[in-house]
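Report on the structure given below.
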2 protein chains.
Amino acid sequence: MAKKQASQTRTTARASVSADDLAPAEGRQLILDTAARLFREEGYANTSLRDIAAECGVTTGSIYHHFGSKEEIVTEVLRIGVVRVAEEVRRAVMSLDPASEARTILHAAVYAHLHALLELQDYTSANVRIFGQVPPSIREKHIVVRDAYETYWHKLLQRCALQGTFNPARDLRLTRLFLINALNGSLEWYRPEIASIQKLAHELTELFLDGLDANPRR
Amino acid sequence: MAKKQASQTRTTARASVSADDLAPAEGRQLILDTAARLFREEGYANTSLRDIAAECGVTTGSIYHHFGSKEEIVTEVLRIGVVRVAEEVRRAVMSLDPASEARTILHAAVYAHLHALLELQDYTSANVRIFGQVPPSIREKHIVVRDAYETYWHKLLQRCALQGTFNPARDLRLTRLFLINALNGSLEWYRPEIASIQKLAHELTELFLDGLDANPRR
DNA sequence: GTCTATAATATGATAGAC
DNA sequence: GTCTATCATATTATAGAC
């Protein structure tokens, strides 16, 4: 398998994967966007290269000019799904006053995660849905990317806990797992009519910090 | 190229979906159990009837004696995945003292859900993973089964709220969605070494009722 | 109830013209 | 960079013997 170069985001192909460009995607980027959408909708094994090609208005032969194999496409789709979310969360947290209290930090991270997750729907939703369908070799490589992001969240919670306001009985590891599951699950039911992303972030932050029971102190 | 490792793991000892019988499953039941496991591990489209047949020690011809099509198999796997969990939760809640306080009710429901979910791993995990991969006609029929269970949870939370101890600012609809996502997400990371099901249920109940922040009243 | 064949189709990937 | 073939396999499902 000849891999010419590690996947470099081209400056020319600014992608519908980033929400800010208005020009329709082309070539490699169009193939990626289309693949992400079809993987999400139909699953990995059930999406053929012919399907992707047809949706792009090209033939399967052309796809092999841009990618070496179907596996190469799905690898890139999976990577983008996690890395873009992680980047946005890191950026949001870094832009905060370092002395911010736990509630502020958590809310910023939760909002940034939800925003990127639901903005990149095709990539992130594909990620959640097809992870269990790709060949084990791809799965193993991708798990590294996932773990790095989980570790980031773990450190974030530990940093918040250092402020001393958390109930020491809480298990931060389980809390992190429950929180990330609650965040990512929104992919399956989120619609703007139900509630805005702001509302989601607010509600989830309050729920995880204060709980369902009333607390007269606040 | 999709090369499949002929997994030689003999799993005849694995518990079938009817947990009470100790004899290894046979015929129709063996096919269902095997299909559920393979669907979960490899995805729906990537699991062929040959794979299922081979793992059962029969041929594809035999499968068509028990089921009319591959879709008929997956329909039943999906149904079992939700219905069994729902049944166990209903039973647990019904066996409680009707005057039980919210914390008791919630804990019982959370524990029952986790217990059934992780006990029936092949069926419930297949359910979560392959839902997005089956033909739309099957998906639509199955969504009815899912919605019924979601409605049950909604009523459960409303019943708890009637006791008047909940913070009225909380959104019960979003809370339910976050809770079910947190519960089902455990399928992807649960291992007994991390924490017992009891521990999971306890931690999740406390987290959703009391939150992460310390509360001096308790 | 299980088997052996086999039909009809779809798939990932390649070669080579333009 | 895209096209038109085409190869070698794998797929669901069926027919009919035992």
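Below, all heavy atoms of this structure are taken into account, side chains as well, without hydrogens, waters or symmetry copies. Protein chains get the first letters and strands the later ones, always in sequence-line order, with residue 1 at the start of each.
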Could you check which of [options] has an atom nearest any side-chain atom of [X]?
X: A:T60; options: C:dC3, D:dG1, D:dA5; result: D:dA5
X: A:H65; options: C:dG1, C:dC3, D:dG1; result: D:dG1
X: A:Y64; options: C:dA13, C:dT2, D:dA13; result: C:dA13

*Using a 4.0 Å heavy-atom cut-off across all strands, classify B:T59 as base, sugar-phosphate, or nothing.*
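The answer is base, as B:T59 lies within the cut-off (heavy atoms under 4.0 Å) of a base atom.
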*asked:* Quick check on DNA chain D: between A:S62 and A:R50, whose nearest nucleotide comes earlier from the 5' end?
replied: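 The residue whose closest nucleotide sits nearer the 5' end is A:S62.
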Rounding to a whole Å, what distance do you find between [X]:[atom1] and [N]:[atom2]?
X: A:F67; N: C:dT14; atom1: CZ; atom2: P; value: 16 Å
X: A:L49; N: C:dA10; atom1: CG; atom2: P; value: 16 Å
X: B:D51; N: D:dT11; atom1: CG; atom2: P; value: 6 Å
X: B:R28; N: C:dT2; atom1: CZ; atom2: P; value: 13 Å
X: B:L38; N: D:dT11; atom1: CG; atom2: P; value: 12 Å
X: B:K70; N: D:dA10; atom1: NZ; atom2: C1'; value: 12 Å
X: A:L30; N: D:dT2; atom1: CG; atom2: C1'; value: 14 Å
X: A:E42; N: C:dA10; atom1: CD; atom2: P; value: 15 Å

*Salt-bridge present (A:R90, A:E87; N to O < 4.0 Å)*: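 So A:R90 does not pair with A:E87 through a salt bridge.
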*Test: B:R173 and B:E150 ion pair at under 4.0 Å*: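 Salt bridge flag = no for B:E150 with B:R173.
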*May I have the step-by-step check of side-chain hydrogen bond (donor to acceptor under 3.5 Å, both in side chains) for B:T124 and B:N127, ending in yes or no?*
CA-CA 5 Å; B:T124 55; B:N127 194 296; over 6 Å; no
_Geometric class of the A:Y149/A:H113 ring pair [parallel <30°, tilted 30-60°, perpendicular >60°]_ =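 Parallel, since the angle between the ring planes stays under 30°.
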